[in-house]
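Here the structure is a predicted model, which means the values were calculated and not measured.
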Number of protein chains: 2
Amino acid sequence: MSTALSAIERFSRYQSDDAQSVAPVHCPVRDVLDRIGDKWSMLMIMTLATRPKRFSELHRAVRDISKRMLTQTLRDLERDGLITRHVFPTKPPSVEYRLAPLGQSLLEPMANLIDWADRRYSDIHAARARFDAASSDVPP
Amino acid sequence: MSTALSAIERFSRYQSDDAQSVAPVHCPVRDVLDRIGDKWSMLMIMTLATRPKRFSELHRAVRDISKRMLTQTLRDLERDGLITRHVFPTKPPSVEYRLAPLGQSLLEPMANLIDWADRRYSDIHAARARFDAASSDVPP
DNA sequence: GAGAGCAGGTCTAATATATAGACCTTGGTG
DNA sequence: CACCAAGGTCTATATATTAGACCTGCTCTC
C-alpha cells in the first residue's frame with residue numbers, strides 16, 4: 001500500500017507553496033491528469049480496451065458524446081500516443097482506432113479505478129442521499 | 001493483470017449497443033467517473049492525501065482554481081462522502097477539509113494512476129512532439 | 001476609534017468548452 | 001434520380017469556468 005502512496009508523496013512536492021517561483025502549472029501529474037482526466041478520455045480508452053473499434057462504433061458505445069467531441073477526444077489521444085488511427089480505403093472509407101502500447105499500459109492502473117468505482121458505488125450513493133436529505137431538512 | 005482487467009470487461013457489458021433500451025447513462029462506472037473525472041476532484045483528493053487542509057491552504061496548493069470552483073468541488077466531494085468538512089469556531093472561523101474513509105480508499109487506485117503518469121510522462125511528451133511535427137510538416 | 005486585514009465564502013459578468021443537429025463528400029443501390 | 005452509408009466539419013446555442021468585486025464578523029495597529 002505505502003509503495004503506491006509514495007507516488008502521491010512525490011506529487012505533493014510539486015505542489016508545495018514555495019513552488020510559486022517555478023513554472024506555475026507544470027508538474028507531470030497535472031499535465032497527464034488534465035489529459036486523461038477530462039470528460040471522455042478514460043471512457044474512450046476503456047471502450048477500446050477489449051478490441052479496436054471504428055468511429056461510429058465508438059459513437060454508439062458512448063451515445064451521449066457529440067461527434068465533435070468524439071473527433072477531438074480521439075485526436076488528442078492520438079496526439080499523446082495512447083491510441084492509433086488506421087484508415088482503410090474502403091468505399092466509403094472506414095477508420096479504425098486502437099490502443100497503442102502506451103494506451104495498453106494505462107489499462108491496468110485504470111482498471112483499479114474502475115474496480116473501486118464498482119465496489120464503492122453504493123457507498124457513494126448512500127452518502128449522496130444522506131447529504132441531500134440533510135440539506136433539504138435544515139434550510140428554512 | 002487479467003484480474004484487474006476483468007473490471008473493464010464488466011464495464012463493457014454496461015456499454016453494449018442493445019443497452020439503448022435501459023436507462024441511457026447509468027452504469028456505476030460512468031457515474032463515478034463523471035464525479036472524480038472532472039477537472040479538479042482528483043487533484044483535491046491528492047492534495048488532501050498527506051494531511052487535512054484548510055480552504056485557503058487548498059487554494060494556495062492549487063493556485064489556478066477559482067474560489068467558486070474550489071467551493072463547489074469541495075461540496076460535491078463532501079456530498080459523495082469522500083471528504084468531510086469541519087468548522088472550528090475560532091475568530092475568524094476556520095474550516096478544515098479531510099479525507100473520509102471512502103476518500104482514503106480511493107487513494108490507492110489513484111496512486112497507481114499517478115505512478116503511471118509519472119513514469120510515462122516523457123513518452124507522452126515525445127508522442128506529442130512527434131505528432132505536432134508531423135502535422136505542421138504536411139498541411140500546405 | 002478609524003482603518004486594515006483575515007478566513008471562508010458568495011455574486012456577477014466575461015470567457016471558454018460542450019452540445020445538438022445540419023451539412024459535406026464519394027461512391028453504390030433501387 | 002433520390003437516398004444511404006462513414007467519418008467527419010460547421011454553426012449556433014447551452015453550460016462550465018474564470019477573474020475579481022464584495023460580504024461578514026472579529027481582531028490588531030496606531
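If you take CG of A:Asp64 and P of D:dA14, they are 19 Å apart, rounded to a whole angstrom. In this structure, A:Leu58 atom CG and D:dG7 atom P are separated by 9 Å, rounded to whole Å. Put simply, CG on B:Asp34 is 11 Å from P on D:dA16, counting in whole angstrom units. With rounding to whole Å, B:Leu74 atom CG is found 15 Å from C:dT10 atom C1'. The separation between A:Gln72 atom CD and C:dT19 atom C1' is 12 Å, rounded to whole Å. As a whole-Å value, the separation of A:Phe55 CZ from C:dC24 P is 18 Å. Separating the CD1 atom of B:Ile65 from the P atom of D:dT17 is a distance of 9 Å, rounded to the nearest angstrom. Between A:Met69 atom CE and D:dT15 atom C1' the separation is 13 Å, expressed in whole Å.
Taking every heavy atom of both residues into account, B:Leu113 and A:Pro109 meet most closely at CD1-CB, 3.9 Å.
Using a 4.0 Å heavy-atom criterion, one finds that A:Arg54 contacts the sugar-phosphate atoms exclusively. In this structure, A:Tyr97 reaches the sugar-phosphate backbone alone: every heavy-atom distance under 4.0 Å involves primed, P, OP1 or OP2 atoms, never a base. Among the atoms of the strands shown, only primed sugar atoms or phosphate atoms (P, OP1, OP2) are found under 4.0 Å from some heavy atom of A:Ser56.
For B:Lys91, the listed nucleotide lying nearest its side chain is D:dT27; candidates were C:dG8, D:dT27, D:dG7. In this structure, the nucleotide among D:dT18, C:dT19, D:dG8 sitting nearest to the side chain of A:Thr71 is D:dG8. Checking C:dA20, C:dG8, D:dA19 against every side-chain atom of B:Lys67, the shortest atom distance belongs to C:dG8.
Paired with B:Tyr97 under the rule side-chain hydrogen bond (donor to acceptor under 3.5 Å, both in side chains), one option of B:Glu57, B:Glu78, B:Arg54, B:Arg85 passes, and it is B:Arg85.
In the model, B:Asp80 has no side-chain atom that pairs as donor or acceptor with a side-chain atom of A:His125 under 3.5 Å.
Nearer the 5' end of DNA chain D, as judged by each residue's closest nucleotide, is the contact made by A:Ser94, out of B:Pro92 and A:Ser94. Mapped onto DNA chain D by nearest heavy atom, A:Arg75 and B:Lys39 fall at different nucleotides, with A:Arg75 at the one closer to the 5' end.
With a 4.5 Å cut-off on side-chain heavy atoms, A:Arg30 and B:Asp64 count as touching. Residues B:Ser41 and B:Asp76 form no side-chain contact, since every pair of their non-hydrogen atoms from C-beta on lies 4.5 Å or further apart.
Judged by atom type and distance alone, A:Arg68 does not reach the base of C:dT17 through any side-chain donor-acceptor pair under 3.5 Å.
Look at A:Trp40 and you won't find any side-chain N or O under 4.0 angstrom from OP1 or OP2 of C:dT17. At C:dA20, none of the side-chain N or O atoms of A:Arg63 fall inside 4.0 Å of OP1 or OP2 (strictly under the cut-off).
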